[in-house]
Trainee: 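Shown below is the structure under consideration.
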2 protein chains.
Amino acid sequence: MKEGPDIAHIAALIGDPARANMLTALMSGKALTVSELAEEAGVTIQTASSHLSKLDAGGLLRPRKQGRHKYFSLANDDVAHVLEGLMGLAAGSGHLRTRTGPKDTELRKARVCYNHLAGDMGTQMFDSLMAQGHLAMDGGDLILTETGVEFTTGFQIDLSILRAKRTPLCRECLDWSERRSHLAGSLGRAFLSRFEELSWAKRDQKTRVVTFSQSGAKEFEQFFAMR
Amino acid sequence: MKEGPDIAHIAALIGDPARANMLTALMSGKALTVSELAEEAGVTIQTASSHLSKLDAGGLLRPRKQGRHKYFSLANDDVAHVLEGLMGLAAGSGHLRTRTGPKDTELRKARVCYNHLAGDMGTQMFDSLMAQGHLAMDGGDLILTETGVEFTTGFQIDLSILRAKRTPLCRECLDWSERRSHLAGSLGRAFLSRFEELSWAKRDQKTRVVTFSQSGAKEFEQFFAMR
DNA sequence: GAGATGGTTCGACTACGGTCGAAGTATGAA
DNA sequence: TTCATACTTCGACCGTAGTCGAACCATCTC
């Protein structure tokens, strides 16, 4: 009756509307300040502060002080992963916050998941990389193959920098809208920022939507076509 | 500020201690009655009933009436998956309900996750099946290869029955203790029940622990050795 | 220094939701 | 029919936790 970790505590942390809004906002991958998160959640700064300290104590956030600002971001990919999972359940039970509107289709098309590309285009990219043999599964872990290394370096992504970090290079992340995997981990992050550098795509500042330019979408299709 | 599914609602459902206990109990994969779940959660039958109707309304459970009993089980693998994820976070933040005791090591060794094998032996089995090429990733989906079909039928598992069901044959599930994937889906379930039929292993009724007999462990090692 | 801006702490208010006793409904047994 | 068991509904109680105003720190600017 009481073995295993204490689910209830952190589920309750996520379970408050204000905190859930903050966490959802942080799924954009950006680090946000207390006041930004307060606005995002629709509460005053005081309450936001108290919420954030609780989330931090629960290990869900990573705070960083910078001058008189305090920036919060999600603690790690695992947290983002669980949040996506919860979104999947919520979406499945037909409990959408907003009725499926025009913004919803944009979110399904391409969006930011923590720090990498998700949605239709995210899964397409993942599928393509697998089909081309650039990614492979090795005993439950996702790995970058030799051709994959070539491909990414050709994409102007410096793997040595990524490998130096503690976070895993490749991870898969389950998509709540597509119910399929897409690429997470530091490589997933690198791909997305590369898309931005090449101005193939732009993140919306507020809504997690990623919009590809017309030419950007074409380039993307070129590299990540299926078959 | 309000795009995406309503995380908070279902997170709050999981966030109550009594409900979390019930859900954890259901991770054993067994369907339990209202009174059993009440005892599991340490509350009276009335409150259990109200909790269960809320969980049901949230789409987390699948109720089945049978005579004057009402059996509840987890709605699907997705729910189990999210619960495992939450356990991972809770374990990671050092928030174990019970200090890592003797039962904890048993849980890490081999346990039931919803309806399939998890823990050290679960991930070992998954890794072995991947290494032997019986399982493979195909565009984000886990599939059974041709040799995999051979292997499982040689194991006296009737695939045609499994394929007839709506639930996916193969799925991967992230392990909170090992932080690696193991095999879920109807095939994962089939393997576990086969182990029981062969009396290689036995589930403990209360604690989710799976104990392998000495000879059973040897057989297991034979079939699912790494390399 | 003084003033402004970003966060935190404290205290008081409030409301939502978990809890159980008691009564009510269904199903099964005798 | 009568009794027992399994569960649900109702109502009342109570505690916890979210909320904000006000005052308090800390950091930067001038």
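Lettering of chains follows the sequences in order, A, B, ..., and the numbering in each one begins at 1.
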Trainee: Please name all residues satisfying salt bridge (Lys or Arg N to Asp or Glu O under 4.0 Å) with A/Arg68, sequence neighbours left out, ordered by chain then number.
Mentor: none

Trainee: For A/Lys54, which contact category applies under a 4.0 Å heavy-atom criterion: base, sugar-phosphate, or nothing?
Mentor: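 The residue A/Lys54 makes sugar-phosphate contact but no base contact.
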
Trainee: So A/Leu159 and A/Leu169, side-chain contact (heavy atoms from CB on, under 4.5 Å) or not? Walk me through it.
Mentor: CA-CA 9 Å; A/Leu159 283 171; A/Leu169 187 66; 4.2 Å; yes

Trainee: With sequence neighbours excluded, what pairs up with B/Ala190 under the side chain to side chain contact (heavy atoms under 4.5 Å, CB included) test?
Mentor: B/Ile157, B/Leu162

Trainee: Any donor and acceptor pair, going by atom type alone, linking the side chain of B/Asn76 with main-chain N or O of B/Val79 inside 3.5 Å?
Mentor: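 Indeed, once roles are kept as given, a pair shorter than 3.5 Å links the two residues.
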
Trainee: So which of residues 43-50 of chain B are in contact with DNA chain D, with a heavy-atom cut-off of under 4.0 Å?
Mentor: B/Ile45, B/Gln46, B/Ser49

Trainee: Return the set of residues passing ring pair (Phe, Tyr, Trp, His ring centres under 6.0 Å) with A/Phe220 (not counting sequence neighbours), or none when no residue passes.
Mentor: A/Phe195, A/Phe212, A/Phe224

Trainee: Checking B/His116 now: which residues fulfil ring pair (Phe, Tyr, Trp, His ring centres under 6.0 Å) with it, not counting sequence neighbours?
Mentor: B/His182

Trainee: If you find the nucleotide of DNA chain D closest to A/Arg68 and the one closest to B/Tyr71, which residue's nucleotide is nearer the 5' end?
Mentor: B/Tyr71

Trainee: Please enumerate all residues that pass salt bridge (Lys or Arg N to Asp or Glu O under 4.0 Å) together with B/Glu219, with sequence neighbours excluded.
Mentor: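 B/Glu219: no salt bridge (Lys or Arg N to Asp or Glu O under 4.0 Å) contacts found.
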
Trainee: Applying side chain to side chain contact (heavy atoms under 4.5 Å, CB included), name anything that partners B/Ala31, two or more places apart in sequence or on another chain.
Mentor: B/Arg64, B/Tyr71, B/Ser73

Trainee: Considering residues at least two apart in sequence or located in another chain, which fulfil the side chain to side chain contact (heavy atoms under 4.5 Å, CB included) criterion with A/Glu36?
Mentor: A/Leu32, A/Thr33

Trainee: Reading DNA chain C 5' to 3', what string of ( ), [ ], | and . shows its pairs, if Watson-Crick and G-U wobble pairs count only when both distances fall under 3.5 Å?
Mentor: ||||||||||||||||||||||||||||||

Trainee: Quick one: does B/Met27's side chain get under 4.5 Å of B/Arg208's, heavy atoms only?
Mentor: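 B/Met27 vs B/Arg208: side chains touch.
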
Trainee: Hey, are B/Lys109 and B/Glu106 close enough for a salt bridge, meaning a charged N less than 4.0 Å from a carboxylate O?
Mentor: no

Trainee: Nucleotide range of DNA chain C contacted by chain B, 5' to 3', under 4.0 Å to a heavy atom?
Mentor: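 Extent of the interface on DNA chain C: C/dG18 to C/dG28.
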
Trainee: List the residues meeting side chain to side chain contact (heavy atoms under 4.5 Å, CB included) with A/Val112, not counting sequence neighbours, and say none if there are none.
Mentor: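 Only A/Leu192, A/Arg203, A/Val210 meet the side chain to side chain contact (heavy atoms under 4.5 Å, CB included) criterion with A/Val112.
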
Trainee: Can you give the first and last nucleotides of DNA chain D, 5' to 3', that have an atom under 4.0 Å from a heavy atom of chain A?
Mentor: D/dG18 to D/dC28

Trainee: Less than 4.5 Å apart, any side-chain heavy atom of B/Asp204 and any of B/Arg111?
Mentor: no

Trainee: Checking all strands, does B/Ser53 fall into the base, sugar-phosphate, or nothing category for heavy-atom contacts under 4.0 angstrom?
Mentor: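 It contacts nothing in the nucleic acid.
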
